[in-house]
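First listed ligand is number 1; within each ligand, the first listed atom is number 1.
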Amino acid sequence: MRAKTKMIHGGVTGDEQTGAVSVPIYQVSTYEQNSAGKPRGYEYSRTGNPTRHALESVVADLENGKSGFAFSSGMAAITSVMMLFESGDHVVMTDDVYGGTYRLMTNVLNRFNLEHDYVDTSIAGGVEAAIQPNTKALYIETPTNPLLKITDITKMAELAKKHDLLLIVDNTFATPYWQQPLDLGADIVLHSATKYIGGHSDVVAGLLAVSSSDLAERIHFIQNSAGGVLGPQDSWLLMRGIKTLGIRMEAVERNTAKLAEFLQNHEKVSTVYYPGLPAHEGHEVARRQATGFGGMISFDAGSGEEAEKVLSRVAYYTLAESLGAVESLISIPAKMTHASIPKDRREELGIADGLIRVSVGIEDADDLIEDMEQALK
Ligand SMILES: *Cc1c(COP(=O)(O)O)cnc(C)c1O
């Protein structure tokens, strides 16, 4: 089954009993047992719920994993993955990971002595040097936010194998439609399903898939113990989102390629960051490991003031954090998502004050370009 067919026919589809084509929303917490200790399959909805199960099974299919798991947010999924480790363990991480992941590691899990180091994983050379005797995992994000840096997943998988580490990939920006990290040797792939997988700015959720039944057992134990599960309504919304993920990603990418070309040729724009552009540092690796370049694009408008002017003038780009929705979203990382990072550190990372990030939606590309043109005037 190819990806777009899996989105419709993968996992559990419909309802056998009634023939309903859509999976029912099992709004239920507990299940009647045949006799004491003899449940009919489900016993309590933290442990398992049929609607959530249907979502989890389609996620496993999309990522070519053994099992999938759904959580109440991307951060709940990431926290659960980190619960695989013990006090004193060490994780090597991509240096420009999502801000919430950074905060979890530096301000929460540090209290449990889970050690970590950040390295630029887009340069494979530096990663091996950061591996210590207590290192248990490589945690990468590719592409990253907001500069769309690309890490070579296959190279990371080789390193992980050599040093007996788990390879964990945050695949939020690429989506399983464009990139399947488990096929490239990763052990765990995870998503903020709040973004492209949900796709309509109406649900907060996290998903993950694992490559082995051993990991599936350990993650299910943590999911059931820590309890950050996704409810049945939100599980249903994600399944609905997944049905159009393929066609949405194709529409988003067509729009993004056109906007990238427009921005590249605009005199007021100095640098455009988009992995689909041959000039982008990660272009070759992105081409090799993914079938699409996605819908995130950043560009330098020159200064913080210029960037603010653009944001105040656009009509079809909603000024908001988050990404991956049908509507185009626009933000200034230095003032919004990355405001908590000190200015020198931001500059080191290449996040200029005038950098504008766009999550391209599925509006008509000509409207998006005309709107950006008038805003840049
Ligand atoms: C949004 C995001 C997260 C966190 O997900 P939530 O659903 O907001 O908890 C993690 N990683 C990336 C790359 C994200 O964009």
Side-chain angles (χ1 to χ4, degrees), residues 55 59 63 68-83 91 93-109 116 118 121-122 139-151 153 168-179 181 186 188-209 223 226-231 234-235 237-238 241-242 245 249 252 273 275 282 286 290 293-298 320-325 329-331 333 336-341 349 351 357-360:
L55 167 66
V59 169
E63 290 285 7
F69 298 90
F71 296 86
S72 53
S73 69
M75 289 319 305
I78 295 168
T79 303
S80 297
V81 167
M82 292 300 171
M83 296 285 127
V91 182
M93 308 183 75
T94 299
D95 59 357
D96 51 351
V97 277
Y98 175 71
T101 309
Y102 179 89
R103 181 173 56 198
L104 174 73
M105 297 307 291
T106 44
N107 297 327
V108 181
L109 295 180
H116 62 279
Y118 297 111
T121 52
S122 71
Y139 181 102
I140 64 170
E141 213 176 287
T142 182
T144 61
N145 177 24
L147 298 177
L148 292 317
K149 290 214 278 197
I150 305 291
T151 293
I153 300 172
I168 305 157
V169 181
D170 184 332
N171 202 27
T172 300
F173 274 38
T175 81
Y177 187 56
W178 295 135
Q179 181 168 280
I188 299 175
V189 57
L190 61 89
H191 292 273
S192 168
T194 313
K195 316 297 167 55
Y196 287 109
I197 293 181
H200 296 72
S201 304
D202 54 11
V203 59
V204 171
L207 293 170
L208 68 83
Q223 185 192 38
V229 294
L230 192 65
D234 287 346
S235 295
L237 276 172
L238 286 193
I242 285 170
L245 180 65
M249 292 316 288
V252 155
Y273 300 90
F293 301 110
M296 297 302 297
I297 185 167
S298 294
E321 292 186 4
S322 197
L323 59 110
L329 302 174
I330 196 162
S331 64
M336 297 166 68
T337 45
H338 293 65
S340 59
I341 301 173
L349 291 170
I351 304 166
R357 187 191 82 172
V358 177
S359 165
V360 181

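- Paired with T94 under the rule side-chain hydrogen bond (donor to acceptor under 3.5 Å, both in side chains), one option of T121, D170, T101 passes, and it is T121.
- Atom CZ of F173 is separated from atom CD1 of I150 by 10.5 Å, given to the nearest 0.5 angstrom.
- Take Y139 and apply the side chain to side chain donor-acceptor pair (under 3.5 Å) test, not counting sequence neighbours, and it matches no residue.
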Donor-acceptor list for residues 140-149 side chains, cut-off 3.5 Å, not counting sequence neighbours:
residue : atom : partner : partner atom : Å
E141    : OE1  : Y98     : N            : 2.7
E141    : OE2  : Y98     : N            : 3.4
T142    : OG1  : T151    : N            : 2.9
T144    : OG1  : D96     : OD2          : 3.0
T144    : OG1  : K149    : N            : 3.0
N145    : OD1  : R357    : NH1          : 2.8
K149    : NZ   : D120    : OD2          : 3.3

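- Below 30°, between 30° and 60°, or above 60°: for Y118 and H116 the angle between ring planes is above 60°, a perpendicular geometry.
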Return a table of donor-acceptor pairs under 3.5 angstrom between the side chains of residues 198-208 and protein atoms on other chains or two or more places apart.
residue : atom : partner : partner atom : Å
H200    : ND1  : G198    : O            : 2.9
S201    : OG   : E327    : OE2          : 2.5

For ligand 1, find each of its N or O atoms that sits under 3.5 Å from a protein N or O atom, and tabulate the pairs with distances to one decimal place.
residue  : atom   : partner : partner atom : Å
ligand 1 : 5 (O)  : S192    : OG           : 3.0
ligand 1 : 7 (O)  : G74     : N            : 2.9
ligand 1 : 7 (O)  : S192    : OG           : 2.8
ligand 1 : 7 (O)  : T194    : OG1          : 2.6
ligand 1 : 9 (O)  : G74     : N            : 3.0
ligand 1 : 9 (O)  : M75     : N            : 2.9
ligand 1 : 11 (N) : D170    : OD2          : 2.7
ligand 1 : 15 (O) : K195    : NZ           : 2.7

